[in-house]
Amino acid sequence: MDTIEQERRGDNAEAATELDALIIGAGFSGLYQLICLRDRLGLSVKVLDAAGDVGGTWYWNRYPGARCDSESHSYCYFFSKELVEEWEWSERYPEQPEIMRYMHHVADKFDLKRDIFLNTRVASAHYDEAANRWNVETESGKRFAATYLITAVGCLSAANIPEIPGLDSFEGDWYHTAQWPHEGVDFSGKRVGQIGTGSTGIQAAPVIAQTAGHLSVFQRTPTYSVPANNGPLSDEFKQYFKENRGEIRKIVESTPNGHPFRINERKVFDVSPEERKKIYEAAWATGGLQFRACFQDLMVNKAANDTAAEFLKGKIREIVKDPKTADALADIDHPYATKRPPIDTNYFDTFNRDNVTLVNLRTDPIERITPVGIKTRDKEHKLDIIVFATGFDAMTGTLLKIDIRGRGGLTLRQAWEAGPKTYLGLQVPGFPNMFTMTGPGSPSVLCNLPVAIEQHANWITDCIAHMRQNGKERVEALPDATEKWVAHVNEAADATLMPMANHSWYHGTNVPGKPQVFMPYAGGMTRYRAICEDIARNGYEGFSFTGNGEQMTTAKNSTSANAFAAAEAINSPGV
Ligand code: NAP
């Protein structure tokens with residue numbers, strides 16, 4: 001494929017390729033959006049991706065232990081019955097290589113590769129108001145012009161490498177988990193330092209520890225984790241899935257978080273402490289993200305959440321033999337699941353190994369990186385390899401790296417100076433015909449992503465179809481509707497306990513200088529889906545449409561009072 005891409009690039013270095021729609025990103029979002037626009041609407045569409053293959057986040061995140069936290073039978077597309085029927089996952093949680101195989105299977109089945117340009121990083125996208133075209137240029141100078149620009153860049157794709165002084169002087173090797181070498185890394189006998197204990201670090205450490213000479217895990221903020229309880233899918237489960245595909249689809253599309261389990265309706269204090277303990281033990285044994293679904297009020301009632309938090313901290317102390325290490329791991333300062341809750345395979349048990357040490361950065365912070373390792377206040381840790389499991393400039397980072405300019409040359413960076421503002425996470429005022437898939441202000445990362453992605457791609461496709469049927473050339477979110485939506489996104493977050501974990505990538509606080517705004521929509525996928533459907537049914541309230549020659553208008557700006565459910569109604573958030 002690379003060769004074809006290179007030939008294509010060479011063929012047409014000067015003239016812009018004229019298209020109906022251009023999609024940036026060939027991950028889950030970009031592939032399905034291509035299918036919708038090309039095969040459903042018959043548009044001319046191309047997809048550009050900086051990566052050397054399809055797969056999006058799964059192309060880049062190939063660190064040891066990389067595996068999806070959504071269960072495999074729900075981490076997939078549901079739009080094609082045939083695709084659902086023919087693909088069989090091997091484990092409860094799919095590993096990175098298996099997800100890549102799935103993405104290739106999809107791309108081949110729907111003949112997508114012919115419209116995807118790989119190794120093609122977008123440098124700029126400028127809206128030409130007079131022509132009503134998006135002019136897109138890649139870093140290699142290739143140009144495209146399209147009526148619709150769809151950003152499908154993923155929420156977690158701009159790696160965050162913290163500016164720790166001295167990194168340049170380090171004489172060993174270092175890697176960020178989201179930029180992992182394709183040939184892998186040989187840890188055998190090496191002294192490895194891993195910085196970061198989020199979902200990624202929790203997956204990576206147990207695997208690195210198996211071959212490393214010694215692993216030092218540098219922990220700044222301790223976090224909860226529940227066992228994934230991963231394993232091969234049994235024949236019985238595969239059979240169950242085959243017989244209940246329709247029902248499973250119904251569940252993922254009607255639960256607030258898009259996962260294949262329902263949130264239990266009982267509340268924490270409806271049951272006795274003994275009964276509660278039994279429920280938590282059973283959820284721990286089942287494992288996975290559904291731990292948070294065992295009571296409906298865990299995310300809205302602090303006292304209720306405390307019971308889960310104490311249970312999980314108790315588990316850490318049960319597993320980890322050294323009391324000082326157990327204390328440092330269990331010294332968690334935020335309610336359970338107010339940061340994205342990791343799930344793991346042997347994470348806490350890894351600290352019982354002779355070759356693993358926890359470095360508690362709360363009491364012994366990193367001062368600098370030296371030629372031979374990491375110097376914390378109390379000690380120099382000699383290392384051959386440093387692994388940065390330090391996360392992402394999430395949700396906005398990748399988009400803001402592209403020079404995106406809308407009407408009147410307004411840059412996206414200017415529009416989002418005080419934090420991202422979108423209408424439904426789908427559009428930004430001043431950027432006509434640009435759609436942001438799983439953008440800030442949509443459920444995105446609080447939902448099982450393929451479910452959120454299918455909804456977005458379908459909605460965008462319907463909107464473009466509506467425009468074409470009605471002779472409209474431009475669609476743009478109106479400022480007033482956008483302000484109301486942003487307020488609603490904040491209300492939805494405030495109705496949960498999530499603002500209590502104010503140091504998290506949900507808020508942008510993990511990247512120095514980033515505006516601190518709660519970015520995803522916490523009102524739940526079900527509510528979000530209904531709002532989007534209502535808005536479309538009511539003539540796309542809050543959006544302005546114009547035909548060629550017409551001025552953009554701000555006339556129709558009435559966002560239905562019913563469309564945004566009141567914050568009080570948010571009692572089972574999509575988290
Ligand atoms: P993350 O949750 O942002 O965790 C980053 C870790 O690095 C945190 O422990 C953070 O500590 C630490 N860190 C950052 N800068 C540091 C510094 N200067 N010094 C010391 N420690 C530092 O990132 P992530 O683990 O990559 O996960 C991001 C998201 O990706 C997840 O929440 C999840 O949504 C997704 N993900 C999904 C899967 C999956 O489905 N399998 C797997 C991995 C990730 P602080 O907390 O103190 O900042």
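This chain uses plain numbering: 1 for the first residue, then up along the sequence. Ligands are counted one by one from 1 in listed order, and the atoms in each one are counted from 1 as well.
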Answer yes or no: does atom NZ of K109 have more than 12 heavy-atom neighbours from other residues, nucleotides or ligands under 6.0 Å? yes
Check: N160 side chain, G391 main-chain N or O, donor-acceptor pair, under 3.5 Å: no
Contacts table for ligand 1: protein N or O within a distance under 3.5 Å of ligand N or O, distances only.
residue: ligand 1; atom: 7 (O); partner: A389; partner atom: O; Å: 3.3
residue: ligand 1; atom: 9 (O); partner: T197; partner atom: N; Å: 2.9
residue: ligand 1; atom: 25 (O); partner: S199; partner atom: N; Å: 3.1
residue: ligand 1; atom: 25 (O); partner: T200; partner atom: N; Å: 2.9
residue: ligand 1; atom: 25 (O); partner: T200; partner atom: OG1; Å: 3.3
residue: ligand 1; atom: 26 (O); partner: T200; partner atom: OG1; Å: 2.6
residue: ligand 1; atom: 32 (O); partner: W505; partner atom: NE1; Å: 3.0
residue: ligand 1; atom: 34 (O); partner: R340; partner atom: NE; Å: 3.3
residue: ligand 1; atom: 40 (O); partner: D69; partner atom: N; Å: 2.9
residue: ligand 1; atom: 40 (O); partner: R340; partner atom: NH2; Å: 3.3
residue: ligand 1; atom: 41 (N); partner: R67; partner atom: O; Å: 2.2
residue: ligand 1; atom: 41 (N); partner: D69; partner atom: N; Å: 3.2
residue: ligand 1; atom: 41 (N); partner: D69; partner atom: OD1; Å: 3.3
residue: ligand 1; atom: 41 (N); partner: Q203; partner atom: NE2; Å: 3.2
residue: ligand 1; atom: 46 (O); partner: T221; partner atom: OG1; Å: 3.3
residue: ligand 1; atom: 46 (O); partner: K339; partner atom: NZ; Å: 3.4
residue: ligand 1; atom: 47 (O); partner: R220; partner atom: NE; Å: 2.8
residue: ligand 1; atom: 47 (O); partner: T221; partner atom: OG1; Å: 2.4
residue: ligand 1; atom: 48 (O); partner: R220; partner atom: NH2; Å: 2.8
residue: ligand 1; atom: 48 (O); partner: H503; partner atom: NE2; Å: 2.8

Geometric cation-pi criterion R62 and Y59, 6.0 Å radius, 45° cone: yes
Could you check whether the rings of Y423 and W485 sit parallel, tilted or perpendicular, using 30° and 60° as the cut-offs? perpendicular
Please check: side-chain N/O of D49 versus main-chain N/O of A26, any donor-acceptor pairing under 3.5 Å? yes
Should R340 and D69 count as an ion pair when the cut-off is N to O under 4.0 Å? yes
